[in-house]
Amino acid sequence: MNQNIKPFELNIVPGWIHAKIAPAVTPGTPEKGGPFEAHIPFAPFSAEEAADIVKELSGHPYELYALLRSRPPLWLEEDVKSRYAPDWDRAECGCGKNGCGHVRAVLAEAERKFQDEPVLRLTLLGLPKERLLNDVFRDWAERVPPAAESDDSEALGKLEEKGKAGPSAGEWLAEAAEQGKLHEPGAEYHDVKVHLQAEPTGELQIDDWAALLPGVKNAEQIVRRITTETAEKARERLSLIKDSAR
């Protein structure tokens with residue numbers, strides 16, 4: 001950075017680089033004057049140029065990912081740098097001195113910032129990251145065929161239509177979830193009868209797994225242990241179900 005000025009604050013927006021600059025201080029002398037600003041204009045992309053960049057990136061998602069990771073594809077880097085030209089006639093510095101060099105120092109600092117965040121150069125040329133991503137996502141969405149409306153969505157629409165005078169379906173679901181009733185069964189649930197068969201008695205019959213697992217030692221004992229523990233857990237759950245039904 002220019003040794004005659006302190007580090008300054010950059011603000012990069014579409015079409016402009018704005019900088020707030022603190023005056024230089026000579027060691028042993030008091031600082032004079034307050035901060036001043038420099039403004040450097042740039043010509044933005046045309047609508048067609050921006051659309052071409054969006055189209056290219058939407059067709060190559062990995063290149064978009066690389067750009068967001070500060071690794072722009074070569075074609076984009078060359079395209080952007082070819083358009084990176086400040087409008088010197090409209091550039092201005094508020095220090096009040098002719099040939100001060102502040103504008104060039106601001107450009108040099110901006111270039112260092114562009115190396116760390118290449119997407120900022122697109123912002124400067126009229127294609128900020130938010131707009132770029134919105135346009136890419138919109139292009140992706142337009143390529144997806146519209147899904148046929150399902151019966152569930154139709155039912156939900158009818159429910160919301162009927163409930164215009166009262167809470168919406170979303171509000172009803174939110175309230176039910178808050179009260180812990182979202183998974184409470186309806187009235188017809190209690191009309192269903194489940195008849196469980198009697199628990200098996202005696203020792204469990206275990207199939208011969210040794211032939212299927214020739215490389216496993218004690219395969220029969222291992223299978224028997226797994227089966228026995230699983231059956232025990234099933235009995236515990238069945239006992240809980242019976243207790244809750246009383």
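Source: prediction; values computed, not measured.
Tracing side-chain contacts under 4.5 Å through hydrophobic residues (I, L, V, M, F, W, Y), one never reaches L120 starting from Y65; they form parts of separate clusters. Linking Ile, Leu, Val, Met, Phe, Trp and Tyr residues whenever their side-chain heavy atoms come within less than 4.5 Å places W140 and L127 in a single cluster. In this structure, I40 is a member of the same hydrophobic cluster as W88, with clusters built from ILVMFWY side-chain heavy atoms closer than 4.5 Å. No continuous path of ILVMFWY side-chain contacts below 4.5 Å connects F114 to V13, so the two sit in separate hydrophobic clusters.
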**OP:** Could you check D135 against R138 for side chain to side chain contact (heavy atoms under 4.5 Å, CB included), going step by step and ending with a plain yes or no?
**Re:** CA-CA 5 Å; D135 289 351; R138 184 182 300 110; 2.8 Å; yes

**OP:** Quick one: do R121 and K81 satisfy side chain to side chain contact (heavy atoms under 4.5 Å, CB included)? Show the steps, please.
**Re:** CA-CA 9 Å; R121 203 187 296 268; K81 285 187 176 181; 4.1 Å; yes

Subject >> D139 vs R143, side chain to side chain contact (heavy atoms under 4.5 Å, CB included): CA-CA, chis, key distance, verdict >> reply: CA-CA 7 Å; D139 183 72; R143 299 184 187 186; 2.8 Å; yes

**OP:** Could you walk me through whether E109 and R112 pass the salt bridge (charged side-chain N to carboxylate O under 4.0 Å, His left out) test, one step at a time?
**Re:** CA-CA 5 Å; E109 183 65 18; R112 281 189 282 270; 2.9 Å; yes

**OP:** Before giving the answer on side chain to side chain contact (heavy atoms under 4.5 Å, CB included), spell out for E63 and L76 the whole-Å C-alpha distance, their side-chain angles and the decisive distance to 0.1 Å.
**Re:** CA-CA 9 Å; E63 291 185 347; L76 179 60; over 6 Å; no

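A donor-acceptor distance shorter than 3.5 angstrom exists from the side chain of R131 to the backbone of G126, with no hydrogens or angles considered. The main-chain N or O of E130 is found under 3.5 Å from a side-chain atom of N134 such that the two form a donor-acceptor pair.
Expressed to the nearest 0.5 Å, how far SG of C95 lies from NE2 of H102 amounts to 5.0 Å. A distance of 7.5 Å separates CZ of F42 from CG of L125, quoted to the nearest 0.5 Å. Between atom CD1 of residue I17 and atom NE2 of residue H39 there is a gap of 12.0 Å, rounded to the nearest 0.5 Å. Atom CG of residue L132 and atom CZ of residue F137 lie 9.0 Å apart, to the nearest 0.5 angstrom. The line from OG of S46 to CG of D52 is 8.0 Å long, rounded to the nearest 0.5 Å. Rounded to the nearest 0.5 angstrom, I53 CD1 and L64 CG are separated by 12.0 Å.
Ring geometry for W16 versus H18: interplanar angle under 30°, hence parallel rather than tilted (30 to 60°).
For the pair R235 and E232, the minimum side-chain heavy-atom distance is below 4.5 Å.
Other residues, nucleotides and ligands contribute more than 12 heavy atoms inside 6.0 Å of the CZ atom of R83.
With sequence neighbours excluded, no residue satisfies side-chain hydrogen bond (donor to acceptor under 3.5 Å, both in side chains) with T123.
When all heavy atoms of K113 and L10 are compared, the closest pair comes out as CD-CD1, 4.2 Å.
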